[in-house]
Amino acid sequence: MAFHRASAEVVLFGGGDRVSLGDTWTWDGERWQQEHPVSSPNAGPTPHMAYDGTARKVVLVTQPENWSLTDAASATRTWTWDGQAWTSRGTKRRPILEGSSHVGAAGETFDRPMHGSTGPDGLTTAMATDPASGRAVLVQRIQHHNTVPGPTATWTWTGDDWRLAPVHDAPAAPPTNPLLATDDTGQRVLYIDISARLWAWDGANWTAIAEGPEPLHRGGASMAIDRRGQLILFGGAAAPPGGLYSDTWTWSAGVGWSRRAGPAEPTPVVRPPVVPPPKGITAQHAMRLAADYIGARSQNATSVRPVAGRARDFWHPGSGSPGGDRYVWAVLCTGTFIPGGQPPLTSAAVLLDYVTGEFVRSMIPAPPQLTER
């Protein structure tokens, strides 16, 4: 979501409801209206937007729903919104977006530790408007196949392409959701890193301007700057075992950080127990469906064992994606499986809706909850 100053409207794109959405909405201060442009960006996880004041357009960076780490750079797409239509921009350089596949409430307490829930391996991209240049600025954490050294990369939209800043040694790694805010008063972009240290971007360099107190070491918060130039931070997700904050903090030069409202401790988030549906497809039916699905995608695949349970009961520790409470059949399959860019593996899992048999997801290799039984 971003504010299109030229039309005085808020523009919202995409989102997710089990699958990624690719719709566009505008808010004029009184009502929401869905737009139906001739061309539209592809639906995909974690799109990011910021206003380009020089071109008077909103800049959107997104990626397809299905992409692999091997084609992360080529998958990124840039679009601009002029208030009425989206235009696809063919850029020479493309920032790499990294999305989180975590499903469920942020800060949720799981019966197994949720790795990566609030660390730097979650959503790793953020955008804001640089008031000094009027251009959109994008900050991403370096990981996987990106070859630029250092913990972060800072990109500036030039109007027709992305320019990578030569500075990569600062700021430090971001929290789960990087926080950027446009400071019109100070003519700078503000950023909070994983240790809650506050940084300022002047268009060429990052400068650390304030240390963060221990209570702000969290992920998933939101941040904005009011018309007086005071930074306001709200909420966030606590480190494992989890919990959600509902406190409000402010920061201003010469004053520093202050907690202004809300409790100091996070509120635990615990989902109620999941009751198995009274009726569903049989284990034999689940095995047949899994064999049909995985057999078309592998060599010598055979379904071995079905286990019923919540989707979050079947996941790889460290993946950051335990899934939700949907009740499923998890079917262990054996054979030869060749995931993209990896050597052959000998196990896979197919998750099917417990009641309908609808395909939910596949996992290669199978999670230890199936293979270790």
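Being a predicted model, the structure only gives us computed values, none of them experimental. Along the sequence shown, residues are numbered consecutively beginning with 1.
- Here M127 contributes atom CE and T182 contributes atom OG1; the two are 10.5 Å apart, rounded to the nearest 0.5 Å.
- For Q34, the CD atom is densely surrounded, since the number of other residues' heavy atoms within 6.0 Å is greater than 12.
- When the shell of 6.0 Å around CD of Q187 is examined, it contains more than 12 heavy atoms from other residues, nucleotides or ligands.
- Atoms CD1 and CH2, on I209 and W199 in that order, are 10.5 Å from each other to the nearest 0.5 Å.
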side-chain contact (heavy atoms from CB on, under 4.5 Å) between W251 and I192, worked out:
CA-CA 12 Å; W251 179 89; I192 292 181; over 6 Å; no
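- Among all heavy-atom pairs drawn from N205 and D202, the shortest one is N-OD1, 2.8 Å.
- Side-chain contact between C333 and Y293 is absent, with no heavy atoms from C-beta onward closer than 4.5 Å.
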Using the rule given for salt bridge (charged side-chain N to carboxylate O under 4.0 Å, His left out), can you reason through D130 versus R163, listing the C-alpha separation, both sets of side-chain angles and the distance that settles it, and then say yes or no?
CA-CA 14 Å; D130 180 359; R163 183 179 69 246; over 6 Å; no
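- Remark: of the listed residues V360, V355, V350, V360 is the sole one forming a side-chain contact (heavy atoms from CB on, under 4.5 Å) with V328.
- Under the 3.5 Å distance criterion, with hydrogens and angles disregarded, no donor-acceptor pair is assigned to the side chains of W201 and T154.
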Residues T158, D160; criterion side chain to side chain donor-acceptor pair (under 3.5 Å); working and verdict
CA-CA 6 Å; T158 65; D160 55 15; 3.0 Å; yes
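- I294 is connected to L345 through a chain of hydrophobic side-chain contacts under 4.5 Å among Ile, Leu, Val, Met, Phe, Trp and Tyr, so both are in one cluster.
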Could you walk me through whether M363 and L351 pass the side-chain contact (heavy atoms from CB on, under 4.5 Å) check?
CA-CA 8 Å; M363 307 169 74; L351 271 57; 4.1 Å; yes
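- Here the closest non-hydrogen pair linking L180 and W206 is CD2-CH2, 4.1 Å.
- Of all heavy-atom pairs spanning A196 and P213, the tightest one is CB-O, 4.2 Å.
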Residue pair T54, W157: steps toward the side-chain contact (heavy atoms from CB on, under 4.5 Å) verdict
CA-CA 10 Å; T54 302; W157 176 248; over 6 Å; no
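- When all heavy atoms of S303 and A291 are compared, the pair lying nearest together is OG-CB, 3.9 Å.
- Between D247 atom CG and F234 atom CZ the span is 7.5 Å, to the nearest 0.5 Å.
- Side chain of R218 to backbone of G235: a donor-acceptor contact under 3.5 angstrom is found.
- Counting heavy atoms from C-beta on, the side chains of L332 and F314 never come closer than 4.5 Å.
- When hydrophobic clusters are built by joining Ile, Leu, Val, Met, Phe, Trp and Tyr residues whose side-chain heavy atoms come closer than 4.5 Å, directly or via intermediates, L21 is not grouped with L12.
- Considering all non-hydrogen atoms of both residues, A136 and A50 come closest at CB-CB, 4.0 Å.
- Using a distance-only test at 3.5 Å, with no hydrogens or angles considered, a donor-acceptor pair links the side chain of R305 to the main chain of L370.
- When each of E35, H4, M1 is checked for a side-chain contact (heavy atoms from CB on, under 4.5 Å) with V11, only H4 meets the rule.
- Note that OG1 of T78 is 12.0 Å distant from NE2 of H48, once rounded to the nearest 0.5 Å.
- Placement of W162 and M49 in two distinct hydrophobic clusters is found when ILVMFWY residues are connected by side-chain heavy-atom separations under 4.5 Å, directly or transitively.
- Between R89 and D52, none of the side-chain N atoms (NZ, or NE/NH1/NH2) sits under 4.0 Å from a carboxylate O, so this pair counts as no salt bridge.
- Of the possible donor and acceptor atoms, none in the side chain of S39 sits under 3.5 Å from a partner among the backbone N and O of A85.
- The structure places CD of Q230 at 11.0 Å from OG1 of T185, a figure rounded to the nearest 0.5 Å.
- Exactly one of W25, F3, Y51, W86 qualifies for a ring-ring contact (aromatic ring centres under 6.0 Å, His included) with W81. That residue is W86.
- Summarising the geometry of L60 relative to P47, their closest heavy-atom pair is CD1-CB, 3.8 Å, with the distance given to 0.1 Å.
- One hydrophobic cluster, built from ILVMFWY side chains closer than 4.5 Å, holds both F13 and W79.
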Please determine whether salt bridge (charged side-chain N to carboxylate O under 4.0 Å, His left out) holds for the pair D183 and R188, giving the CA-CA distance in whole Å, both sets of side-chain angles, and the decisive distance to 0.1 Å.
CA-CA 5 Å; D183 181 5; R188 57 191 178 179; 2.9 Å; yes
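- Taking the side chain as every heavy atom from C-beta outward, I281 and L289 approach each other to under 4.5 Å.
- Note on ring orientation: taking the six-membered ring where Trp is involved, the planes of Y354 and Y327 are perpendicular (angle over 60°, cut-offs 30° and 60°).
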Kindly determine whether R93 and D161 satisfy salt bridge (charged side-chain N to carboxylate O under 4.0 Å, His left out), including the steps that lead there.
CA-CA 7 Å; R93 301 174 183 84; D161 202 358; 3.1 Å; yes
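- By the criterion of side-chain heavy atoms lying less than 4.5 angstrom apart, applied directly or through intervening Ile, Leu, Val, Met, Phe, Trp or Tyr residues, L198 is grouped together with L179 in one hydrophobic cluster.
- The pair R56-D82 does not count as a salt bridge, with every side-chain nitrogen at least 4.0 angstrom from each carboxylate oxygen.
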L231 and W257: CA distance, side-chain angles, deciding distance, side-chain contact (heavy atoms from CB on, under 4.5 Å) verdict:
CA-CA 9 Å; L231 185 150; W257 285 105; 3.5 Å; yes
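- Taken to the nearest 0.5 Å, the CZ atom of R259 stands 11.0 Å off from the CG atom of L233.
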